[in-house]
Asker: 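Sharing a structure here in structure tokens format.
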Amino acid sequence: MKAMQQIWQVAALIPAGKVASYGQIADLAGLPGRARLTSKALKAAPKSLQLPWYRVVRSSGQIAFPKGSEHAIAQYDHLIGEGVLVKSMRVRMAEYQWQPDLNTLLFELNF
DNA sequence: GCCATGACTTATT
DNA sequence: TAATAAGCCATGG
């Protein structure tokens with residue numbers, strides 16, 4: 001299976017009200033060190049998949065788009081809508097970072 | 001194959 | 001916390 005599709009599968013599992021970093025997604029998808037590939041994958045993801053791309057942020061918790069851009073606004077709105085507090089275009093990772101249950105992860109990914 | 005680019009990360013100041 | 005720098009790797013010219 002293509003690397004991008006694995007990323008899509010993992011990204012689809014992020015629960016509402018939580019966020020994950022690009023690097024984290026890559027790791028969970030079995031692609032350590034491919035954070036930048038995660039960004040590519042999300043950008044290239046077909047709309048039909050309806051991926052929660054807005055639950056993916058930088059390792060620092062910062063939204064990856066320039067402040068004021070359409071994407072940044074959309075991401076901000078979505079997160080706020082799910083109860084994630086966003087301060088100065090960043091969330092508190094200590095509180096909101098997704099901590100996937102390994103069993104659930106393996107099950108969902110059909111390994 | 002070399003070079004630039006980017007929805008990144010980590011270490012350093 | 002913010003700014004830099006260096007590392008990273010798939011893509012496209």
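No experiment lies behind these values; they were computed from the predicted model shown. All values below come from the heavy atoms of this structure, side chains included, with hydrogens, waters and symmetry mates left out. In what follows, every chain begins at residue 1, and chains take the letters A, B, ... in the order their sequences are listed.
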Asker: Starting at CG of A/L37 and ending at P of C/dG12, how long is that distance when rounded to a whole Å?
Answerer: 12 Å

Asker: Whole angstroms only, please: what is the CH2-P distance between A/W53 and B/dC8?
Answerer: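 In whole Å, B/dC8 P and A/W53 CH2 are 13 Å from each other.
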
Asker: Is the distance from OP1 or OP2 of B/dC8 to the nearest side-chain N or O of A/T38 less than 4.0 Å?
Answerer: no

Asker: Could you go through the side chain to side chain contact (heavy atoms under 4.5 Å, CB included) check for A/F65 and A/I73 one step at a time?
Answerer: CA-CA 9 Å; A/F65 300 103; A/I73 306 288; over 6 Å; no

Asker: Below the 4.0 Å mark, does C/dA2 have OP1 or OP2 next to a side-chain nitrogen or oxygen of A/R90?
Answerer: yes

Asker: Which sits closer to the 5' end of DNA chain B, A/K40 or A/S59, going by the nucleotide each is nearest to?
Answerer: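 Comparing both residues, the 5'-ward one is A/K40.
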
Asker: Rounded to the Å, how far apart are A/L42 CG and C/dA10 P?
Answerer: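 Value for this atom pair: 16 Å.
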
Asker: Starting the side chain at C-beta, find the nucleotide from C/dC9, B/dA7, C/dA10 nearest to A/R36.
Answerer: C/dC9

Asker: With rounding to the closest Å, how many angstrom separate the C1' atoms on B/dA7 and C/dG13?
Answerer: 22 Å

Asker: For A/P32, is there any backbone N or O sitting under 3.5 Å from a side-chain donor or acceptor partner on A/R34?
Answerer: yes

Asker: What integer distance in Å separates A/R58:CZ from C/dA3:P?
Answerer: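 Whole-Å distance recorded here is 12 Å.
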
Asker: Atom NE2 of A/H78 to atom P of B/dA7: distance rounded to whole Å?
Answerer: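 For the pair A/H78 NE2 and B/dA7 P, the rounded distance is 19 Å.
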
Asker: Rounded to whole Å, please give me the gap between CD1 in A/I7 and C1' in B/dC8.
Answerer: 12 Å

Asker: Measure the distance from NZ on A/K43 to P on B/dG6 and round it to the nearest whole Å.
Answerer: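 Going from NZ in A/K43 over to P in B/dG6 covers 9 Å.
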
Asker: Pair A/M93, A/V57 - check side chain to side chain contact (heavy atoms under 4.5 Å, CB included), show working.
Answerer: CA-CA 9 Å; A/M93 292 303 268; A/V57 297; 4.0 Å; yes

Asker: Tell me the interatomic distance from A/L31, atom CG, to B/dT9, atom P, rounded to whole angstroms.
Answerer: 14 Å

Asker: Does A/V10 reach the side chain of A/T38, with side-chain heavy atoms less than 4.5 Å apart?
Answerer: no

Asker: Does A/R34 have a side-chain nitrogen or oxygen under 4.0 Å from the phosphate oxygens OP1 or OP2 of C/dA10?
Answerer: yes

Asker: Going through the checks in order, is the side chain to side chain contact (heavy atoms under 4.5 Å, CB included) test met by A/W98 and A/R55?
Answerer: CA-CA 9 Å; A/W98 178 37; A/R55 298 190 189 128; over 6 Å; no

